[in-house]
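Some notes on the structure that comes next.
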Number of protein chains: 2
Amino acid sequence: MKPTIYDVAEKAGVSIATVSKVVNNTGRISDKTRNRVTEIMRELEYSPSSVAAALTGKKTFTIGVLVPDIANPFFAEVARALENHARETGYAIILCSTDYQREREQDYLELLLKKQVDGIILATEARDWKVFKKLLDKKIPLLMFSIDHPSFSSHVVTTDDVRGGYLAGRYLLDKGHRNFAVIAEVNRASGRLRLEGFKQSLADEEIVLDKDSVVYSKSRVEEAKEAAKQILTLKNRPTAVFASTDLIAAVFLNEARKHNVSIPGDISVIGFDNTIHAEIADPGLTTIAQPTDELARYAIHQLLKSIEKPNLSGHRIMLAPELVERYSVRDLN
Amino acid sequence: MKPTIYDVAEKAGVSIATVSKVVNNTGRISDKTRNRVTEIMRELEYSPSSVAAALTGKKTFTIGVLVPDIANPFFAEVARALENHARETGYAIILCSTDYQREREQDYLELLLKKQVDGIILATEARDWKVFKKLLDKKIPLLMFSIDHPSFSSHVVTTDDVRGGYLAGRYLLDKGHRNFAVIAEVNRASGRLRLEGFKQSLADEEIVLDKDSVVYSKSRVEEAKEAAKQILTLKNRPTAVFASTDLIAAVFLNEARKHNVSIPGDISVIGFDNTIHAEIADPGLTTIAQPTDELARYAIHQLLKSIEKPNLSGHRIMLAPELVERYSVRDLN
DNA sequence: ATATTTTAGTTAAGCGCTTTCTTTAAAAGA
DNA sequence: TCTTTTAAAGAAAGCGCTTAACTAAAATAT
């Protein structure tokens, strides 16, 4: 059987309180005893049960992370980054992929509550206000990742999506483009904001997107294909397309090729996220990079902070996106 | 404060044992009491602490999953599938991405031991035999996912990689190819097995791969690029390339284009995994599909079984891969 | 009507820790 | 030398639950 604190205490000839103190480095312990106890712990391969510790200490050192889809490279990278930063501070992560299903989001939140996670990072759309409110009521530290809404009182960490959309538009304008189309992720606030920013850049030049040139799509292969087709069959074909996600952009690239449309010869494309898709796409995809790792670092940092001090009011942290130039945009000048 | 079992018991006028029994559906409880207690639980929004339950009941209903890299689409899909099947049975998953670092693998395993996970699914290379042995000593149910080694006494669930490689080779042969090259993942047993199977198919026709036509690469963009270049600059250029991973294949596609080599016109390519990369690649990548979801189902199923009965000896389950035809292979007949 | 079995629920111990409060013993001060 | 201070360790309660053992009441059998 796994050795417990009692085994260590007995063998070291001290009380369990003493062992606990050397494990947690609290209280006053003489070097002599500390060393002895440490030695015995090593001998016995003692590893304290964090379950028991959680029951008394009130902390599980676990945080729950909800993402819509871990198979989406952006979230995969987010997950990895979060996990990394969490591990550094001794926290483990329970990863929950909701598959965009509201019900599953529910289930997972309940699971996390039962498990008494110390905090939750929500990167899903949290569409169910009641559930959401319940979380706040339970006073469980909450952080919204990559989504935002004025109603949120919790911490929020996002990329500055509006600015990202703006950057994309500005870049295309600078390259001489004047005729645009957009494929935007309908089901995420971030998608809407990116579109918003894009429009604002066009507004600088008094260009207005006409209705047909804005197509909605989720960040999934099948839907993106449909959206791409719609754009490719537009009577008034754009010279540049802004896709609110690299995945959507990558799919567009393929569809274009099927339609014998050359990229960037006939149509320029710009994406968003800077995931592996942008790197692997052909041609390499010019895109707006999210500072994934930094986002994750801030997120963990903020969350841990509000675990310490639960009543901190929610800050909004918006990190700057950056344009990464590759080969999918043609210079018309 | 979160209500406890005491609050429910008191309000319902029963003992905590009774409440526990209705929560877990154990023992004999009259419908009348059951209903009353259930009602009160709802009223109080009582949610039992799985921490406390774990301390007594000896089960945390959590399983640890170690993958080398969650940003690799294959593992992302594996993670999602595992999570899904785990959730169905009330288990949560702690996801650990080791980033191919042995040390991190260590750290995570220790973390998981502290957290008293009920079982561990290992999809990393587990190169450190000592650590591995320690796990077995601790009698923690262990399942090797997508990796294998004769020394493993635990359960193993993998795709039949040798057969997969064989299928790839057979397919290319049938399409009239006789001159091959391979890019194989050096750091995974599965990569070696796939190569092995591929070679066996060639052996049927008494074809032998010469040394230069086998290039090793990890499943990462940078390295795959290098490997692709090596193959593309071979004096004796192959008509078909087998890549032991879709990611590697996708990168090869790009590099080929940069070298003005047409796919499948000049070189045919076949991948492995059938991840999103195969779908998005241009041309669509013909590949050997792993039955990811089924693998995950078996894995969870087996693991739960050996959680129930810890001394079950380790079975080896090898699921059949399947060829998915797309457009990256040319028929030379 | 009494003895026996079944049913419904209770008591209490214990899981492996943390933490507050005490106690003990040694060092310091008077 | 005796008291006071301080450093080091221990005792014990309690975290929220499960479960084995037990009891009282109800149902059934004799």
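Throughout, a chain's letter reflects where its sequence line sits, starting with A, and its residues are numbered from 1. Values reported hereafter were calculated over all heavy atoms of this structure, with side chains retained and with hydrogens, waters and symmetry mates removed.
- Not a single donor-acceptor pair under 3.5 Å links the side chain of B:Ser97 to the backbone N or O of B:Asp99.
- Atoms CD1 (A:Ile5) and P (D:dA12) sit 17 Å apart, rounded to a whole Å.
- When heavy atoms are screened at a 4.0 angstrom cut-off, A:Thr26 is found touching no nucleic acid atom at all.
- In this structure, A:Lys21 and B:Leu55 both approach DNA chain D, and ranking their closest nucleotides by distance from the 5' end singles out A:Lys21.
- A distance-only check finds no donor-acceptor pair linking the side chain of B:Arg80 to the backbone of A:Asp69 [under 3.5 Å].
- At most 12 heavy atoms of other shown residues, nucleotides or ligands fall within 6.0 angstrom of atom OH in B:Tyr298.
- Here the P atom of nucleotide D:dA8 and the CD1 atom of A:Ile29 are 9 Å apart, to the nearest Å.
- Side-chain proximity of B:Ala17 to the nucleotides C:dC17, D:dA8, C:dT10 is greatest for C:dT10.
- Listed nucleotides C:dT10, D:dG10, D:dG16 differ in distance to B:Ser49; the shortest reach to its side chain belongs to D:dG16.
- Listed nucleotides: D:dT18, D:dG16, C:dC17. Nearest to the side chain of B:Ala53: D:dT18.
- For the residue pair B:Glu105 / B:Thr98, no side-chain donor-acceptor distance below 3.5 Å is found, with atom types taken as modelled.
- B:Thr4 comes within 4.0 angstrom of sugar-phosphate atoms only, judged by non-hydrogen atoms across all strands, and of no base.
- Within 6.0 Å of the CD atom in B:Glu10, the count of heavy atoms belonging to other residues, nucleotides or ligands does not exceed 12.
- Between the CG atom of B:Asn25 and the P atom of D:dT19 there is a distance of 13 Å, rounded to whole Å.
- Nearest to the side-chain atoms of B:Tyr6 among the listed nucleotides D:dC17, C:dG9, D:dA8 stands D:dC17.
- Spacing between atom CG of B:Asp7 and atom C1' of D:dC17 amounts to 13 Å, rounded to whole angstrom units.
- Rounded to whole angstrom, the span from the CD atom of B:Glu10 across to the C1' atom of C:dT10 amounts to 16 Å.
- Rounded to whole Å, atom C1' of D:dG16 lies 15 Å from atom CE of B:Met41.
- The nearest whole Å value for the distance from the CD1 atom in A:Ile16 to the C1' atom in C:dT19 is 11 Å.
- In terms of phosphate contacts, B:Ser15 brings no side-chain nitrogen or oxygen within less than 4.0 Å of OP1 or OP2 of C:dG9.
- Look at CZ on A:Arg28: it is 17 Å from P on C:dA26, rounded to the nearest Å.
- Looking at heavy-atom distances under 4.0 Å, A:Val23 makes no contact with the nucleic acid at all.
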